[in-house]
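Each chain gets a letter, A, B and so on, in the order the sequences are listed, and its residues count up from 1.
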There are 2 protein chains.
Amino acid sequence: MRTSQMLMPTLREVPAEAEVVSHQLLLRAGFIRKSASGIYTYLPLAQRVLKKIKEIVREEMDKQGGQELLMPIVQPAEMWLESGRWHVYGPELFRLKDRHNRDFCLGPTHEEVITILVRGEVRSYKQMPLLLYQIQNKFRDERRPRFGLMRGREFIMKDLYSFDRDEAGLDISYQKMYQAYTNVFNRCGLKFRPVEADSGAIGGSDTHEFMVLADSGEAAILFCSQCDYAANIEKAAVPAAGADPTAQALELKEVSTPGQKTIEQVAEFLGIAPHQTIKTLLYRTDKEVVAALVRGDRDVNEVKLLNALGALTIELADEVQVRQATGAPAGYVGPVGLSKIRIIADPEVMALSNAVAGANKADAHYINVNPNRDFKADIVEDIRMVQACEPCPKCGAELQQARGIEVGQIFKLGTKYSKALGATFLDENGKEKPIVMGCYGIGVSRTMAAAIEQNHDQDGIIWPASIAPYHAIVIPVSAKDEKQMQLAESLYNKLNQIGVETVLDDRAERPGVKFKDADLIGYPLRIVVGNKAMTDGLVEVRQRKSGQTDLIPLDQIPEKVKEILATL
Amino acid sequence: MRTSQMLMPTLREVPAEAEVVSHQLLLRAGFIRKSASGIYTYLPLAQRVLKKIKEIVREEMDKQGGQELLMPIVQPAEMWLESGRWHVYGPELFRLKDRHNRDFCLGPTHEEVITILVRGEVRSYKQMPLLLYQIQNKFRDERRPRFGLMRGREFIMKDLYSFDRDEAGLDISYQKMYQAYTNVFNRCGLKFRPVEADSGAIGGSDTHEFMVLADSGEAAILFCSQCDYAANIEKAAVPAAGADPTAQALELKEVSTPGQKTIEQVAEFLGIAPHQTIKTLLYRTDKEVVAALVRGDRDVNEVKLLNALGALTIELADEVQVRQATGAPAGYVGPVGLSKIRIIADPEVMALSNAVAGANKADAHYINVNPNRDFKADIVEDIRMVQACEPCPKCGAELQQARGIEVGQIFKLGTKYSKALGATFLDENGKEKPIVMGCYGIGVSRTMAAAIEQNHDQDGIIWPASIAPYHAIVIPVSAKDEKQMQLAESLYNKLNQIGVETVLDDRAERPGVKFKDADLIGYPLRIVVGNKAMTDGLVEVRQRKSGQTDLIPLDQIPEKVKEILATL
């Protein structure tokens with residue numbers, strides 16, 4: 001393609017609406033344009049990147065025995081009523097009515113459609129395993145769409161669903177997808193980690209998130225510096241619990257701590273370390289108000305807390321609720337003498353001796369608090385955030401923290417949908433059983449954005465070669481110099497002929513403008529045909545990523561370019 | 001792929017819901033399943049066909065300089081309000097609201113989105129021509145979805161939009177697309193005709209429909225037996241008008257025709273030919289009631305009539321309206337003495353002399369009606385249907401009639417949308433002008449169905465090789481015979497290695513079942529490994545289309561199969 005004919009509208013200014021780098025660069029480099037909040041048109045350059053990501057995804061799904069199909073975007077409400085999700089799924093679900101006033105929604109996901117489809121076609125264990133997938137636009141009416149393609153309302157997903165006869169089959173399907181996802185993101189040239197994640201309200205099932213590492217990532221992840229352990233910070237398990245308290249228990253005593261409300265203030269006031277205090281936070285769930293205890297130097301992990309309580313929703317209690325439950329103002333709450341509400345404590349708290357905690361009245365704390373002697377916990381369970389530098393729960397080496405962008409998730413659904421929708425099969429003994437399912441998603445448009453978050457500099461995008469819209473751009477320094485143009489054109493043709501996807505910048509622009517656009521768009525290779533080409537037969541090949549620039553004889557260009565590309 | 005692992009749910013019975021062959025066969029051969037009225041899931045076999053059609057479309061669009069992009073499915077109402085179509089587009093438009101109560105629709109077409117996009121990016125004549133296209137699900141809330149994929153509510157379209165500086169540019173873009181469409185349907189292996197079609201209310205612009213020929217087609221087309229003239233019957237032009245009347249005009253006379261209402265009855269009763277009578281039909285448009293006159297042996301073409309009257313809607317007047325306008329019951333209406341309403345007459349009528357027409361009272365007709373003497377026409381214009389066997393308007397040879405399925409349409413939009421939406425550019429002289437546009441659609445899922453309507457027999461589908469889900473199926477006669485299975489498997493592997501997309505039927509089914517499924521699904525080649533393979537090293541290769549069966553030595557199979565495929 002020639003730039004003079006391409007729809008490639010680069011912008012000099014950073015658009016005001018764009019908060020994150022990928023959004024800024026996708027707009028500036030002419031990859032996307034907004035149609036409505038969270039709804040974008042993918043321009044030709046973006047469409048080429050998307051096609052490459054989709055093709056990689058397809059190949060890896062197919063390699064694992066996946067079969068591609070295409071389900072409808074418009075889904076009848078009946079299916080969602082049958083699964084029980086029509087009334088549960090919140091305002092994120094785009095709903096609409098047809099001309100006969102029947103209810104439909106725009107698919108945010110396809111568990112209902114595919115389970116009902118499979119229910120109609122699969123009768124015997126012999127017909128499984130089945131791995132069915134599609135690549136398609138999905139819809140989610142986000143309350144606050146933002147960050148460009150990161151959190152849009154219409155986006156492109158690959159969703160695969162596995163159907164197995166039992167858990168053992170599901171394990172195999174899950175492993176296949178784990179491998180396929182690893183291959184996909186490796187082939188996309190991205191640095192990523194599969195991390196253990198929280199499986200939410202369903203509970204118990206395995207799930208991994210695939211995180212593209214980037215400082216701008218929304219999610220915090222912890223990974224081991226030695227072994228392959230990695231987890232979403234919400235999921236990260238604590239190391240083996242500490243020993244029981246051995247220090248001699250001293251007498252419980254109330255001390256005056258006027259105006260000392262935070263852990264830091266109390267610890268400093270009493271001349272102790274924060275880890276010798278008990279942090280008591282009151283939460284309100286959909287069922288009750290509870291006191292959650294973690295060591296003073298720790299933070300409560302609300303996801304773990306929610307799961308431990310078996311609750312659906314959770315939030316911090318307000319001032320009034322705190323006073324009602326404890327009689328004290330916030331800042332002076334503690335577990336001793338707390339009788340109206342349940343107490344859930346982190347194991348680290350139960351391992352403390354002679355600790356400090358609020359006394360449930362203003363301006364007072366207890367010292368020498370000893371768990372089990374001075375208070376009982378109704379539940380003892382890991383409810384704290386793990387931090388960087390703590391030991392890995394798997395091997396004991398030090399954990400490191402990083403930020404990531406979730407681009408994929410694999411999930412063991414089990415029989416949730418097959419039971420709800422009656423998707424059963426007959427096993428060898430003619431016994432009817434529910435099909436065991438998994439679901440596996442990749443955010444295709446999100447992967448494009450994540451690739452940019454991870455791979456850019458102040459000049460623009462740095463595409464990994466495998467998903468770059470084109471591999472190379474040929475730039476004649478002077479578009480007016482006919483001989484230079486001819487040379488550039490012949491190079492351009494040659495490279496395309498040997499499968500190097502090449503653009504020719506034939507615009508009548510200054511070289512500076514062309515260089516800036518080339519860097520902004522992020523072609524892996526920039527090939528400049530200038531005076532040296534005419535005088536010495538040498539052409540400049542610059543690698544976008546490393547900045548390495550080589551002068552290469554004209555006749556060696558095709559071969560050398562292929563060589564360099566293979567290393568990118 | 002092995003059939004034992006494929007989701008390929010064939011049915012023995014013809015599903016009761018399916019009226020047309022393509023719908024029946026798509027269901028029976030396991031290509032589609034219904035999710036809701038007019039909304040289908042494309043199963044893996046269909047998805048493979050769709051991918052092939054899409055790829056052919058892409059290549060031909062790209063060849064003409066098309067650039068692929070991807071616009072959103074969910075479109076904001078503001079865009080449609082700006083173009084003026086929000087309130088005009090009827091209940092076919094799926095409308096929905098987001099969580100903030102803002103109006104959106106599901107795109108049935110993308111003129112608004114693309115014109116607004118281009119308005120923002122194109123400033124100069126230098127940036128054109130631009131040919132932008134996408135392949136995507138489209139939505140139309142049909143009143144009565146039916147015929148499977150023929151008239152669905154969610155379907156797959158390729159839509160391309162051309163942007164040019166002037167009509168001359170548009171002509172070139174239009175010709176490029178005409179060529180591209182011709183290539184696409186040729187490469188899909190379909191018999192088709194591009195036919196002149198009616199451009200509707202916009203008027204004046206060129207448009208062609210691409211019709212796949214099939215007896216079950218919804219549209220009637222006329223084409224010349226000699227030259228390349230072809231037109232939708234609604235558009236087909238009449239041959240050069242006949243000479244003026246030369247017979248001597250006799251005296252107008254009323255005759256009694258008791259109970260003779262139809263042209264046939266009147267002609268027989270009076271002993272004349274139907275073409276000597278005047279057929280007078282009263283229509284009601286959005287503006288008026290009119291009398292439309294065609295010769296007694298002709299039919300009124302309502303599309304031509306609508307255009308000639310410049311009306312938006314048209315329907316036959318009812319009994320009451322007929323009586324109000326003429327004083328006569330239906331069957332006795334004629335132009336003589338008709339004063340309350342306008343008369344529009346076909347030129348053939350004006351060329352009659354001494355004709356018969358209704359007398360505007362019960363049981364009476366006039367004979368010796370001479371146009372211009374006995375009545376005046378307010379409008380004289382071609383408003384009749386052309387019929388097979390009439391002379392071609394281009395070369396005079398005989399026209400033939402066929403039925404077709406519209407799978408593509410190309411259309412000169414002109415400046416309709418660019419003016420409405422303010423998409424302008426500056427020409428060489430710095431003068432602001434509206435962009436001249438064209439739009440060009442291909443029904444991708446419809447093409448799949450049309451291919452079946454054209455290519456099937458009582459046993460199932462007969463895919464053209466270029467869009468078949470697979471090229472060949474290898475069937476071992478006895479799945480229990482280990483040696484046969486090994487041989488079949490090795491053939492299957494070999495063929496796939498050389499790019500012949502091959503399925504292995506490894507199911508433990510009787511050969512009859514496998515043959516029936518193979519015919520139903522319509523693999524172009526069926527390769528049977530039976531006893532002859534073991535004894536004489538011969539394998540049976542049967543062509544689905546011709547039924548030709550060859551016994552081919554095992555070692556020549558790959559080469560021969562490739563040869564045969566090249567001829568299909």
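- You'll find the side chain of A:F104 reaches within 4.5 Å of the side chain of B:R153, heavy atoms only.
- Ranked by heavy-atom pairs under 4.5 Å with chain A, the list B:K51, B:Q127, B:R95, B:H100 is led by B:K51.
- Annotation: maximal heavy-atom pairing with chain A below 4.5 Å, among B:R48, B:E92, B:K34, B:K126, occurs at B:E92.
- Around CZ of A:R28, the count of heavy atoms belonging to other residues, nucleotides or ligands within 6.0 Å exceeds 12.
- When each of B:Q47, B:E78, B:R99, B:M71 is scored by its heavy-atom pairs under 4.5 Å with chain A, the top score falls to B:R99.
- The candidate from B:G30, B:A36, B:S35 with the greatest count of non-hydrogen atom pairs under 4.5 Å with chain A is B:S35.
- Applying a 4.5 Å heavy-atom cutoff, the residues of residues 1-11 of chain B that approach chain A are B:M1, B:S4, B:Q5, B:M6, B:L7, B:P9.
- Using a 4.5 Å cut-off between heavy atoms, A:L43 touches chain B through backbone and side chain atoms alike.
- Crowding of A:R143 atom CZ: a count of heavy atoms from other residues, nucleotides or ligands under 6.0 Å not exceeding 12.
- Around atom CD of B:E13, no more than 12 heavy atoms belonging to other residues, nucleotides or ligands sit under 6.0 Å away.
- Of the atoms belonging to B:L70, heavy atoms from both backbone and side chain fall under 4.5 Å from chain A.
- Taking CD1 from A:I32 and CG from B:L69, the interatomic distance works out to 13.5 Å, rounded to the nearest 0.5 Å.
- With a 4.5 angstrom heavy-atom cutoff, A:I73 touches chain B via backbone and side-chain atoms both.
- For CZ of B:R165, the number of neighbouring non-hydrogen atoms (other residues, nucleotides, ligands) closer than 6.0 Å is greater than 12.
- Contacts between B:R123 and chain A at a heavy-atom distance below 4.5 Å are absent for every atom of the residue.
- Residues B:I114 and A:T41 are not in side-chain contact: their nearest non-hydrogen atoms beyond the backbone lie 4.5 Å or more apart.
- Of all heavy-atom pairs spanning A:K97 and B:F94, the tightest one is O-CD2, 4.3 Å.
- Interface summary for chain A: among B:L106, B:I156, B:V74, B:N137, the most heavy-atom pairs under 4.5 angstrom belong to B:V74.
- For chain B, the option among A:M128, A:R102, A:M79, A:Q67 with the highest count of heavy-atom pairs below 4.5 Å is A:Q67.
- Looking at B:E142, the atoms closer than 4.5 Å to chain A (heavy atoms on both sides) all sit in the backbone: N, CA, C or O.
- Contact of A:D98 with chain B is made through backbone and side chain together, with heavy-atom distances under 4.5 Å.
- Looking at B:L131, neither its backbone nor its side chain comes within 4.5 Å of chain A, counting heavy atoms on both sides.
- Contact of B:P76 with chain A is made through the side chain alone, with heavy-atom distances under 4.5 Å.
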